[in-house]
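Working notes, beginning with the structure itself.
Labels below follow one simple rule: chain letters A, B, ... track the order of the sequence lines, proteins then strands, and each chain is numbered from 1.
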Number of protein chains: 2
Amino acid sequence: MPHDLAGAGRLSASSLTADVSFLLARANALSFAAGNVALAAHGLRARSYSVLALAAGGIRPSQREIADFLRLDPSQVVALVDDLQRHGLVEREPDPVDRRANVVVATAAGRELYAEASADALDAEEELHGALDPAQRAQLAELLRIVAFPS
Amino acid sequence: MPHDLAGAGRLSASSLTADVSFLLARANALSFAAGNVALAAHGLRARSYSVLALAAGGIRPSQREIADFLRLDPSQVVALVDDLQRHGLVEREPDPVDRRANVVVATAAGRELYAEASADALDAEEELHGALDPAQRAQLAELLRIVAFPS
DNA sequence: TATTGTTATACTCTATAACTATA
DNA sequence: TATAGTTATAGAGTATAACAATA
């Protein structure tokens, strides 16, 4: 069943409608805006939330790993971790096997805030993807993983 | 066949991997960057290319329609159209039935540049989606249309 | 009253280069 | 020689408010 592009109006006839890059950009813009609204109540934004998620996951990532995974410049990670640390949500720990590297770990307060924020973020995502059934949502995630993490 | 997140390394264990918003953001960042590289040779960027695409499609969109479709603020469209017009790629025409509105149409030069640029943009997209077969690509586009244009 | 285009402004995000300390 | 983190800076993108002309 093809989608009728209800929200697109007269311009749904444009060739952009077939452009995956454009669809990706528009879907991301909606998702990003809705996510930021949901996260604002917790003093977070999309980027700081992502860093907190990695720090709270028990993986003990280095700043470099965070930069690569989130596709941020390492200097941006510095600023984001600075901000989270200032709010007592994460700590920098020296990597015992590489004294150049910092491992970023969430504090107890950070883990708690992440739990609260992620619940709201998931609610916002539900809202955004309400038109997709669970199978479609899983399929979208799978296809996006392939595009987002090319071998 | 599940994807192994080859590019994600150790952090593929993170819960972000299941977060469609995050995957959308990362896929879009890659797509956006690759697109801008491809478009730079033509003096365009993702946003100005999208405006040119709408102007070159024969739809005669108003600036307001462009803003809604591309999810830009109307004031951003002013700047983008200004720039394209300065380069002789589009013209503003008064809408005969609504004197408030400007209709944006591509010039001959604009249509020609769009043809060249879109070929390169499609090549870049091929590169990005090389891991997807045609059926998967069509499926991704269909799912993204539903998310990008909610009813 | 509401909408289209416009100007102005501030903020966030992104990109690049250079430096330091370690490896 | 290369890599992790850091600082600094400039540019691109986003968000908001206000205004004139027109509906």
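- In this structure, a donor-acceptor pair under 3.5 Å is absent between the side chains of Tyr49(A) and Ser21(B).
- The main-chain N or O of Thr17(B) is found under 3.5 Å from a side-chain atom of Arg145(A) such that the two form a donor-acceptor pair.
- Between the CG atom of Asn102(B) and the C1' atom of dA20(D) there is a distance of 14 Å, rounded to whole Å.
- Of the possible donor and acceptor atoms, one in the side chain of Thr107(A) sits under 3.5 Å from a partner among the backbone N and O of Leu89(A).
- Taking 4.5 Å as the limit, every side-chain heavy atom of Val77(A) sits out of range of all side-chain heavy atoms of Leu70(A).
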| Contact letters for nucleotides 17-23 of chain C, in which S counts primed atoms plus P, OP1 and OP2 and B counts the base, heavy atoms under 4.0 Å | ----BBS
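- For Gln63(B) and dA21(D), the CD to C1' distance is 14 Å, given to the nearest whole Å.
- Ring orientation note: the planes of Phe69(B) and Phe22(A) are close to parallel, at an angle under 30° on the 30°/60° scale.
- In this structure, Arg92(B) reaches the dT6(C) phosphate: one of its side-chain N or O atoms is under 4.0 Å from OP1 or OP2.
- Note that the CG atom of Leu80(A) and the CZ atom of Arg47(A) stand 4.5 Å from one another [nearest 0.5 Å].
- The nearest whole Å value for the distance from the CG atom in Asp82(A) to the P atom in dA8(D) is 12 Å.
- When the P atom of dC13(C) is taken as reference, atom CZ of Arg26(B) falls 18 Å away, rounded to whole Å.
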When you compare the protein's N or O atoms with those of nucleotides 11-14 of chain D, which come within less than 3.5 Å of each other, and at what distance?
from, atom 1, to, atom 2, distance (Å)
dA12(D), O3', Arg45(B), NE, 3.3
dA12(D), O3', Arg45(B), NH2, 3.4
dG13(D), OP1, Arg45(B), NE, 3.3
dG13(D), OP2, Arg47(B), NH1, 2.7
dG13(D), O5', Arg47(B), NH1, 3.4
dT14(D), OP2, Arg47(B), NE, 3.4

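- To the nearest 0.5 Å, atom CG of residue Asp120(A) and atom CD of residue Glu116(A) are 8.5 Å apart.
- Rounded to whole Å, the distance from CD on Glu93(B) to P on dT4(C) is 19 Å.
- With sequence neighbours excluded, the residues satisfying salt bridge (charged side-chain N to carboxylate O under 4.0 Å, His left out) with Arg10(B) are Glu65(A).
- Atom-to-atom, CD of Glu65(A) to P of dT3(D) comes out at 15 Å; the value is rounded to the nearest Å.
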